[in-house]
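In what follows, a single structure is set out as structure tokens and then discussed.
Keep in mind that what you see is a predicted model, and the values were worked out from it rather than measured. Each chain gets a letter, A, B and so on, in the order its sequence line appears, and its residues count up from 1.
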Amino acid sequence: MAVVGVLALQGSFNEHIAALKRLGVKGVEVRKPEQLQTISSLIIPGGESTTMAKLAEFHNLFPALREFVQMGKPVWGTCAGLIFLANKAVGQKEGGQELVGGLDCTVHRNYFGSQIQSFEAELLVPELASREGGPETFPGVFIRAPAVLEVGPEVEVLADYPIPSNKVLYSSSAVEIQEENAVPEKKVIVAIRQGNLLGTAFHPELTADTRWHSYFLKMARGYGEWTSNTTVAVSGVDLSSDKQTRYDLPIFR
Amino acid sequence: MAGTGVVAVYGNGAITETHKSPFSVKVGLAQMLRGGVIMDVVTPEQARIAEEAGACAVMALERVPADIRAQGGVARMSDPQLIKEIKQAVTIPVMAKARIGHFVEAQILEAIGIDYVDESEVLTPADEENHINKHNFRIPFVCGCRNLGEALRRIREGAAMIRTKGEAGTGNIIEAVRHVRSVMGDIRVLRNMDDDEVFSFAKKIQSPYDLVMQTKQLGRLPVVHFAAGGVATPADAALMMQLGCDGVFVGSGVFKSGDPARRARAIVQAVTHYSDPDVLAEVSCGLGEAMVGLNLNDKKVERFAARSE
């Protein structure tokens, strides 16, 4: 059975592992730098990006993560994970936060505002639909979500979201908006790919639609070392030291 | 198990989801908090310390539960000005407490745009009979519980996140353990139960049948389940995680201790590595003085947990 690593510092890692399980793939929890060496692809889940960055810093994970990305291994970041993978982030906490980088883009953290401005929307995903089939739209769950403000030339835009003009952005936002003018008026980018890096601002792990997961698995398989590395990971220690059975939360849509 | 949401059962009846903020989005934020620590703070400076330590959210309060105990009197919602200042200081989600049944306090908290409301027994209850009808709000709620029945009643009222009550402000973990064990134990009993017996069980624990059945099928509460009340050390926090909780609230435990920044960070790491005793040993070293605990056998100690059913 194929194995994918899921960064399990904090956040929706259980949900990602459950989504992978539905596709017949084993997800292993990654908490320490040395565990990155036994896997060939990684998902960085949603969560509080500040918290995840702090925990990664405490355990000295950033150098290992950067190396992982630089080796060209497939990495997918959702929400907080997208912020991790971005080369530049604005709207951060005082003092900023450390990033892994790799995706040539600028991300605005918490672009859509607080929890009360969280929402669900049907996103047009032509690229995903052409690869994975299914409907032309994907249910995007945006929870205190970031958005991509700018992308470099090598970044492929997989989905964007039209902002209703009456929508109040930056409301009650404590952070300073550094580039007020750089914010596009009509559409923001919410899913991007650059080489083996995938980033989504929304949470596919919270929906029953597993197409983004199977899209990522195809990237992981394309990377090639799938079969050879699998044996290492399986025969090695089971990275998830969970002895008790963990039950998954229901999917609400 | 997928498909039907928790609150969708009555269709057009009184309990329906508001279109703007469906239950999935409300539960979603709580899912993002999983594996994290939520800390009580009373000033913007404390909020910054909590954020730097890796807390996944902060609870903005005027007084921590230990002080509410010590000072007595009626505990109410915090001054919105204070909550706003704390919200400005950090980028992580901010929660605030409203009194049980006091839906106007909840409306005020919704209006100032905080991320989550805690309908909390730590504040003096405003209504002995009724909790807030949380379906009427766009903002998500977290509620306390002592057992499975209480948890499912709160979820039916619209709570998108559950925390076990414990005994806040005591620094004593015994009640939290009792409540977590009670919820988990009931779920284990339920899992092994014949489907025909679930009707009677639902009656016994005074909860809606559909939620009891859903819990049976899932093998866990249908929403995110944190532990709270009496967590004072990294070991306490890891204990809660090993008992099966999704995360931990720490109230007075951090900022009533000798070295808050260090203790906060240690508790955060203990929750992430809750099943790794080596890491737990490492982070537990040299934390300075823990908060002073209260012996719950003392009759003078008021039981907050018993304030609501």
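Looking at B/V224, the atoms closer than 4.5 Å to chain A (heavy atoms on both sides) sit in the backbone and in the side chain alike. Looking at A/E57, there are no atoms closer than 4.5 Å to chain B (heavy atoms on both sides), in backbone or side chain. Contact of B/A53 with chain A is made through the backbone alone, with heavy-atom distances under 4.5 Å. A/L55 touches chain B through its side chain: at least one heavy atom from C-beta onward sits under 4.5 Å away, while N, CA, C and O do not. Using a 4.5 Å cut-off between heavy atoms, A/A8 touches chain B through its backbone atoms (N, CA, C, O) alone.
At a threshold of 4.0 Å, the pair B/R154-B/E119 does not count as salt-bridged, since none of the basic side-chain nitrogens sits closer than that to a carboxylate oxygen.
Cation-pi geometry between A/R31 and A/F13 is met: the NZ or CZ atom falls under 6.0 Å from the ring centre, inside 45° of the normal. Relative to the six-membered ring of A/F58, B/R265 meets both conditions, a distance below 6.0 Å and an angle of at most 45° to the axis.
Checked against the 6.0 Å centroid criterion, the rings of A/F119 and A/Y161 qualify as a close aromatic pair.
The nearest pair of heavy atoms linking B/A227 to B/C245 is CB-SG, 3.6 Å. Here the closest heavy-atom approach between residue B/R191 and residue B/G219 is recorded as NH1-CA, 3.1 Å.
Options B/A55, B/G247, B/G54 differ in how many heavy-atom pairs under 4.5 Å they form with chain A, and the most are formed by B/G54. Chain A forms more heavy-atom pairs under 4.5 Å with one residue of B/V279, B/V268, B/I92, B/V271 than with any other, namely B/I92.
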